[in-house]
Amino acid sequence: MTLRRILAAACAFALLPALPALAQSRPPAQVKITNGRSVPLESLEITTTGEQARLVAKLSKPLAPGKSVSLKLNKPAGCSYYVLGKFGDESESDNEGIDLCKEKSLRLTD
C-alpha cells in the first residue's frame with residue numbers, strides 16, 4: 001500500500017464518527033406545526049435569521065385550535081430560524097433563534 005492510500009484510508013476512518021453529527025446539522029424537509037391555543041392560528045411565517053431574512057415556509061390557510069399541519073421548508077439554510085405566528089385574538093407569537101435542526105415540530109401555546 002502506498003502512503004497516499006494509507007492517508008486516504010486514515011482520513012476516511014477519522015471522519016466516520018462525525019457523519020451522524022453532520023447529518024443532524026441540517027434542518028428537516030418539513031416541520032410539523034401544532035396550534036395548542038383555543039383560537040385559530042391565522043398566519044405563520046418561518047424565515048431565516050440575519051439581515052437578509054428569507055421566507056422558507058408559510059401557513060397557507062388558518063389552522064384551527066388543536067390541529068396540526070406540516071409545512072415544507074423551501075431551500076432551508078442553517079439551523080436558526082425566526083417564527084412569527086398571528087392568532088385570531090390579535091395576539092402574536094414570535095420566536096427568534098429556533099433551532100430547526102433539533103426541533104422537527106413546533107407547538108404554539110399560550
Pairs meeting criterion side-chain hydrogen bond (donor to acceptor under 3.5 Å, both in side chains) with involvement of residues 38-54, two or more places apart
none
Grab the two heavy atoms, one from Asn35 and one from Leu41, that are nearest each other, plus how far apart they are.
ND2-N, 3.2 Å
Nearest heavy-atom approach of Cys101 to Arg26 is SG-C, 3.5 Å
State which residues pass side chain to side chain contact (heavy atoms under 4.5 Å, CB included) with Ser93; sequence neighbours excluded, sorted by chain then number.
Phe87, Asn95, Leu108
By the rule that ILVMFWY residues connect when side-chain heavy atoms come within less than 4.5 angstrom, directly or transitively, which residues belong alongside Tyr82?
Leu84
Only counting residues at least two apart or in another chain, list the ones meeting side-chain hydrogen bond (donor to acceptor under 3.5 Å, both in side chains) with Asp110.
Arg37
Please name all residues satisfying side-chain hydrogen bond (donor to acceptor under 3.5 Å, both in side chains) with Ser80, sequence neighbours left out, ordered by chain then number.
none
Rounding to 0.5 Å, atoms CG (Leu100) and CG (Leu106) come to a distance of 6.0 Å
Mind listing the side-chain donor-acceptor pairs of residues 60-79 below 3.5 Å, one per line with the distance, residues two or more places apart or on another chain?
unit_1, atom_1, unit_2, atom_2, d
Ser68, OG, Thr34, OG1, 2.8

If you apply the rule side-chain contact (heavy atoms from CB on, under 4.5 Å), what do you find for Leu59 with Ile33, and how did you get there?
CA-CA 9 Å; Leu59 189 65; Ile33 305 296; 5.8 Å; no
